[in-house]
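A quick write-up on the structure given underneath.
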Amino acid sequence: MKAPDPSFKTNPSIAAAVDSKHNAFADDSTVHNKGQPTDEKSIDRRTGNQKSKFTTDCKQQHSNSLACIEDNYENKNVCQPFFDAYKKCRYEEHQRKLEMNAKMTGGGGDDGCVIC
């Protein structure tokens, strides 16, 4: 492989044109949506969150599990307590949502009927 020619000089105007062509948002990061939906249909009116977002009350357990996997990618058995904690949190969260939905629809009576 040949060494680069030391006498070669870059042309700043050409470099800027190439950069702007291939990276349209290089100078204005406020314009770029960072890969997220931008239309109003993607926003949940009740919460104000984007519908594509993963929302849960178990964010801490989730991040602990992922951090453990990153640290112990060769031996995931070490992470089992983190997996179990996350699974338990998601199960409890799901049960709370079911109870809340049952109350909102008038179900949840003593007879155990959710639809009644």
Side-chain angles (χ1 to χ4, degrees):
M1 182 173 197
K2 291 172 89 177
D5 183 8
S7 64
F8 178 75
K9 303 287 187 217
T10 59
N11 186 330
S13 62
I14 293 174
V18 169
D19 188 46
S20 67
K21 185 176 186 179
H22 293 285
N23 190 3
F25 301 107
D27 295 334
D28 190 8
S29 62
T30 59
V31 176
H32 196 271
N33 66 354
K34 298 186 179 11
Q36 300 301 319
T38 55
D39 61 340
E40 293 184 21
K41 293 178 184 176
S42 66
I43 304 295
D44 187 343
R45 285 181 272 164
R46 291 180 299 122
T47 63
N49 295 332
Q50 290 182 340
K51 292 179 184 178
S52 65
K53 293 290 184 181
F54 175 66
T55 57
T56 180
D57 296 335
C58 304
K59 289 180 183 177
Q60 186 63 43
Q61 291 85 348
H62 184 247
S63 61
N64 289 345
S65 296
L66 293 177
C68 183
I69 291 172
E70 288 176 4
D71 294 340
N72 303 294
Y73 60 91
E74 292 179 354
N75 184 10
K76 293 186 177 90
N77 294 333
V78 175
C79 303
Q80 193 60 46
F82 294 106
F83 299 154
D84 293 339
Y86 178 66
K87 186 176 179 179
K88 180 182 177 195
C89 181
R90 290 290 291 175
Y91 176 79
E92 291 171 354
E93 179 183 39
H94 180 67
Q95 293 302 316
R96 284 193 306 272
K97 288 181 180 181
L98 289 176
E99 290 172 9
M100 184 176 65
N101 288 343
K103 287 179 185 176
M104 290 173 60
T105 59
D110 294 334
D111 61 352
C113 180
V114 177
I115 301 173
C116 302

Pairs involving residues 71-85, ordered by first then second residue, that meet side chain to side chain donor-acceptor pair (under 3.5 Å) (sequence neighbours left out): Gln80-Asp84
Which residues share a side chain to side chain donor-acceptor pair (under 3.5 Å) with Glu93, sequence neighbours left out: Thr56, Arg90
Point-to-point distance, once rounded to the nearest 0.5 Å, from NE2 of His94 to CD of Glu99: 10.5 Å
Side chain to side chain contact (heavy atoms under 4.5 Å, CB included) involving Glu70 - partner list, sequence neighbours excluded: none
OG1 on Thr105 to CE on Met100, rounded to 0.5 Å: 11.0 Å
CZ-NE2 distance between Phe82 and His62, expressed to the nearest 0.5 angstrom: 14.0 Å
Euclidean distance, Cys89 SG relative to Gln60 CD, rounded to 0.5 Å: 10.0 Å
